[in-house]
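The structure appears right after this line, and notes come after that.
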2 protein chains.
Amino acid sequence: MEKLYGGMEGGGTKFVCAVGTRPDEIIDETRFLTTTPDETLDQAIAFFKKHELEAIGLAPFGPLDLDPASPAFGSISATPKPGWSNTDILGRFRRAFDVPMAFDLDVNMAAFGEFSWVPENQGLESLVYFTIGTGIGAGVIINGKIVHGLTHPEAGHMRLPHDRLRDPFPGRCPFHGDCFEGLANGPAIGDRWGQRGDILPDEHPAWDLEAEYIAQALANVIFLLSPQRIVLGGGVMERMQLFPRIRTRVKELLNSYIHSPVFQGGLDGYIVPPGLGKRSAILGAMAMAKHLTES
Amino acid sequence: MEKLYGGMEGGGTKFVCAVGTRPDEIIDETRFLTTTPDETLDQAIAFFKKHELEAIGLAPFGPLDLDPASPAFGSISATPKPGWSNTDILGRFRRAFDVPMAFDLDVNMAAFGEFSWVPENQGLESLVYFTIGTGIGAGVIINGKIVHGLTHPEAGHMRLPHDRLRDPFPGRCPFHGDCFEGLANGPAIGDRWGQRGDILPDEHPAWDLEAEYIAQALANVIFLLSPQRIVLGGGVMERMQLFPRIRTRVKELLNSYIHSPVFQGGLDGYIVPPGLGKRSAILGAMAMAKHLTES
């Protein structure tokens with residue numbers, strides 16, 4: 001019998017738990033609302049208890065303590081979600097299961113899922129996954145490993161050129177005003193144009209501006225990290241017309257400076273939507289569980 | 001007898017070659033002008049031939065072909081330096097020596113030198129080294145390895161917020177105008193203020209503006225990569241008064257968003273001058289040679 005791995009994506013609204021051998025062979029899956037930590041985590045643990053698992057990957061909502069040297073490693077840190085601050089997720093799972101466990105941010109697991117499971121990404125050593133939705137974040141894979149560093153990337157808070165003549169909107173990040181997230185997350189589109197982004201038509205100028213900020217951020221990522229592929233997920237990126245505009249603008253911004261065959265074409269294979277659709281994080285958590293038992 | 005390693009830093013003006021066991025035990029060293037490829041590389045090879053070496057690290061000026069799958073791997077690519085375009089550096093050394101050889105950009109070798117040899121950096125897994133001088137570039141170490149990705153980082157070309165009311169200077173990068181290098185390299189200081197940066201007094205407003213751009217770039221690096229330390233070298237950074245200004249401004253830009261004990265202090269140990277002074281690259285080339293024989 002093939003080995004089984006568990007993955008949990010724990011969001012602020014709902015949890016998804018899955019068990020399987022690989023993305024196209026999920027043998028059991030459940031989703032339920034995020035209520036109290038006790039109730040929600042007990043539900044997840046009860047689901048995984050039904051199976052004989054080799055390893056489990058946990059991708060709860062952040063902020064998380066990811067420093068293995070910290071006494072709070074494996075916990076959710078201070079969060080506005082009532083009752084969830086300082087919840088020791090990994091500790092509860094460790095008391096319930098005697099198998100290897102991975103614990104990381106949802107966006108890091110999503111990056112690892114895209115890196116590990118998507119056929120086009122086989123053979124790559126680096127990849128950056130952005131989620132662009134209510135928040136903006138990135139998971140970075142370098143030499144096949146998720147980048148943590150001092151804490152973990154917070155790529156949504158990079159600062160970008162902001163032409164206030166073209167776009168007088170001041171940005172809405174409570175910490176940084178007009179950082180990438182402050183200018184380009186979903187709520188910024190709504191605030192700037194006075195209507196929800198998801199009902200703006202494709203030809204609305206909102207989308208050229210959105211593509212501009214995303215392209216500026218990606219150009220900076222390319223200059224700093226030279227990743228082999230960039231995956232763009234999240235609610236805002238469901239507007240597929242953004243992709244060609246972003247690719248065109250990234251090429252203009254690089255201005256032929258980077259010499260790689262990749263940049264001679266139209267970037268269709270370089271800046272891509274998620275190969276796993278909305279399941280990058282849950283499948284990434286499973287991929288990381290599998291990876292734990294193989295490395 | 002201890003094992004001997006060779007390092008070569010090949011600049012556009014001069015070459016430095018050194019042989020030793022470690023940074024404080026260099027047993028032979030030479031420097032000579034960069035003339036023709038034949039004459040210059042023959043001189044370097046003749047110097048190393050005097051010794052029984054375990055391995056050699058080569059850090060010539062770029063642009064370099066660093067793709068091991070490319071037929072031109074190990075060469076200098078198209079360069080304005082007369083006679084040097086398409087010079088196969090690694091190939092010449094391989095024909096002359098039958099020992100392991102490392103080949104990388106000077107700024108990458110400098111990052112590795114700081115990472116490997118400086119006592120304060122022992123135990124780190126990530127570090128970013130910036131050179132800020134006539135050009136601006138960065139070497140990035142993640143999980144103990146130099147980041148290459150698709151080609152290699154070109155961090156000098158990141159775009160930053162540019163407040164044209166405060167600084168109407170349009171930038172001088174021939175490719176990107178007001179990118180980081182275009183706004184903040186040594187020649188940009190000269191062009192903006194009409195006098196060479198190295199003769200401007202410490203209290204000149206040039207330095208606050210310079211610190212602003214460097215801090216913006218470092219904040220973006222921290223948001224994207226979360227490195228454990230940032231080292232700033234190069235001619236511009238010899239103006240030591242820049243360091244406290246950069247540290248203060250980086251803290252303001254992060255605005256308490258990143259939760260790490262590192263950012264609770266004054267960043268004196270986080271944003272630092274090179275521990276190896278001007279010898280980061282030559283000692284990094286030696287460190288990489290040593291690393292080759294150990295891994």
Side-chain angles (χ1 to χ4, degrees), chain A residues 63 65 67 70 77-78 124-128 138 140 142-165 173-180 216-217 219-229 253-263 270, chain B residues 63 65 67 70 77-78 124-128 138 140 142-165 173-180 216-217 219-229 253-263 270:
Chain A
D65 190 324
D67 175 5
S70 158
S77 312
L124 297 187
E125 296 188 337
S126 57
L127 176 148
V128 174
V140 179
I142 301 282
N143 290 323
K145 294 171 77 171
I146 295 172
V147 171
H148 288 110
L150 205 54
T151 58
H152 53 76
E154 283 284 1
H157 297 273
M158 287 189 292
R159 279 183 168 84
L160 306 173
H162 175 196
D163 179 351
R164 286 171 187 268
L165 293 177
C173 173
F175 289 88
H176 312 114
D178 63 347
C179 65
F180 181 25
Q216 292 277 5
N220 278 0
V221 168
I222 292 166
F223 283 130
L224 183 59
L225 276 182
S226 193
Q228 291 168 300
R229 185 156 292 145
L253 288 166
L254 298 181
N255 198 19
S256 306
Y257 191 75
I258 310 275
H259 293 282
S260 163
V262 166
F263 295 117
Y270 184 68
Chain B
D65 190 325
D67 175 6
S70 159
S77 313
L124 296 188
E125 297 189 338
S126 58
L127 176 149
V128 173
V140 179
I142 300 281
N143 289 322
K145 295 171 76 170
I146 296 172
V147 171
H148 288 108
L150 205 54
T151 58
H152 53 77
E154 284 285 1
H157 297 273
M158 287 189 293
R159 279 182 169 85
L160 307 173
H162 175 196
D163 178 351
R164 286 171 188 268
L165 293 177
C173 173
F175 290 87
H176 312 115
D178 63 347
C179 64
F180 180 24
Q216 292 277 5
N220 278 0
V221 169
I222 292 166
F223 282 131
L224 184 58
L225 276 182
S226 194
Q228 290 168 300
R229 185 157 293 147
L253 289 166
L254 297 181
N255 197 20
S256 306
Y257 191 74
I258 310 275
H259 293 283
S260 163
V262 166
F263 295 118
Y270 184 67

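Here is the naming used below: chain letters follow the sequence lines, and residue numbers restart at 1 for every chain. None of the values given here were measured: they were computed from a predicted structure.
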Pick one of side chain, backbone, both or neither for [X], based on which atoms fall under 4.5 Å of a heavy atom in chain B.
{"X": "A:Gln216", "result": "side chain"}
{"X": "A:Phe180", "result": "neither"}
{"X": "A:Ser126", "result": "side chain"}

>> Ignoring hydrogens, what is the shortest heavy-atom contact between B:Leu224 and A:Ala155? Give both atom names and the distance.
In response: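 Here B:Leu224 and A:Ala155 meet closest at CD1-CB, 3.7 Å.
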> Which heavy atom in A:Pro153 sits nearest to a heavy atom in B:Ser226, and how many Å separate them?
Replying inline: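 Answer, listing the atom of A:Pro153 first, then B:Ser226: N-CB, 4.2 Å.
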Using side-chain heavy atoms (C-beta onward) and a distance below 4.5 Å, is [X] in contact with [Y]?
{"X": "B:Thr151", "Y": "A:His259", "result": "no"}
{"X": "B:Leu160", "Y": "A:Arg159", "result": "no"}
{"X": "B:Ile258", "Y": "A:Leu150", "result": "no"}

In terms of heavy-atom pairs under 4.5 Å with chain B, which of [options] leads?
{"options": "A:Glu125, A:His152, A:His162", "answer": "A:His152"}
{"options": "A:Asn143, A:Val140, A:Asp163, A:Val147", "answer": "A:Asn143"}
{"options": "A:Asn220, A:Asp65, A:Val262", "answer": "A:Asn220"}

>> For B:Leu127, which atoms come within 4.5 Å of any heavy atom of chain A: side chain, backbone, both, or neither?
In response: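 Nothing of B:Leu127, per the 4.5 Å heavy-atom cut-off to chain A.
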> Which atoms of B:Val128 come close to chain A, meaning under 4.5 Å heavy atom to heavy atom: side chain ones, backbone ones, both, or neither?
Replying inline: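 B:Val128 has no heavy atom closer than 4.5 Å to chain A.
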> Looking at CE of B:Met158 and CG of A:Leu253, how far apart are the two atoms once the value is rounded to the nearest 0.5 Å?
Replying inline: 14.0 Å
>> Just verifying a value: how many Å separate A:Gln228 CD and B:His148 NE2, rounded to the nearest 0.5 Å?
In response: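 Reported to 0.5 Å precision, the distance equals 12.0 Å.
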> Once the angle between the rings of A:Tyr257 and B:His176 is folded into 0 to 90°, is it parallel (under 30°), tilted (30 to 60°) or perpendicular (over 60°)?
Replying inline: perpendicular
